[in-house]
Amino acid sequence: MLDSKETQYALQEMGKMFPNATTSLIADSDYHFLLAVILSAQTTDKAVNKVTPLLFERYKYPIDMANADPKEVAEYIKTIGLYKNKAKYLVECSKMLVENFNSVVPKTHKELMSLSGVGRKTADVVLAERFGVPAFAVDTHVHRISKRLAIVPEDATVRETEKILMSKVPKEDWIKSHHRMIFWGRYQCMARAPKCETCPLLEICQEGQKRIK
Ligand code: SF4
């Protein structure tokens, strides 16, 4: 297992390759960012960014979507996975924002997670990106890379991975480390064909060493 120092070294190397790693979701307000993160579950940010310009133009504020029929909302997002359920979440979440939070996206974990369609990861991403609250959101890339690099045990759950990362990485680096790991997962250590032969972390990565044998 990589210790704290080695984990931070790995993250520094990722940062050298992807110095500008940041969120790819495009949104012009906290509300629209929240919607974009809900939409991004089990689909790519690229696919989300394709549908959101028209969606956001039509539903500018929570009240606009709170009064919408989910079927109408679904028409705007039908090119992305699970769009029917996501349309329901968006409408329900907007209603709750209007009714419980005066149409303002809340800034605490507990309040965010009380909204329809908002799980732990979505809350983490919104808090980190919009409000600068340190969080280490664990998505599919972060989880896979943490295991491949043996930062966490092979059988770690998402929650365990989050806790271990938070213990091995200084709090001030959580947000940027999350972005670096996502870029690493997208462009260097992909799920199916990681580029182990040219990887600067090969020396400390047993998984990579196994793969190139
Ligand atoms: Fe991923 Fe391979 Fe690099 Fe290990 S050596 S981090 S498996 S790309």
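Start at 1 and go down the list; that is how both ligands and their atoms are numbered. None of these values were measured; they are calculated from a predicted model.
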* Asked: Under 3.5 Å, is there a donor-acceptor pair between the Glu111 and Ser114 side chains?
  -> no
* Between Asn20 and His179: side-chain donor-acceptor atoms closer than 3.5 Å -> no
* **Cation-pi, Phe183 ring and Arg180 (6.0 angstrom, 45 degrees)** => no
* Asked: Counting no waters, what protein N/O/S atoms lie under 2.8 Å from atom 3 (Fe) of ligand 1?
  -> Cys199 SG
* **Aromatic ring proximity Tyr59/Tyr76, centre distance under 6.0 Å** => yes
* Asked: For the atom pair CG (Leu97) and CD1 (Ile63), what is the distance rounded to the nearest 0.5 Å?
  -> 10.5 Å
* Look up atom OG in Ser29 and atom OH in Tyr61, then write down how far apart they are to the nearest 0.5 Å. => 8.5 Å
* Pull out every atom of ligand 1 sitting under 4.0 Å from any heavy atom of Trp184, numbered as shown with elements. => 6 (S)
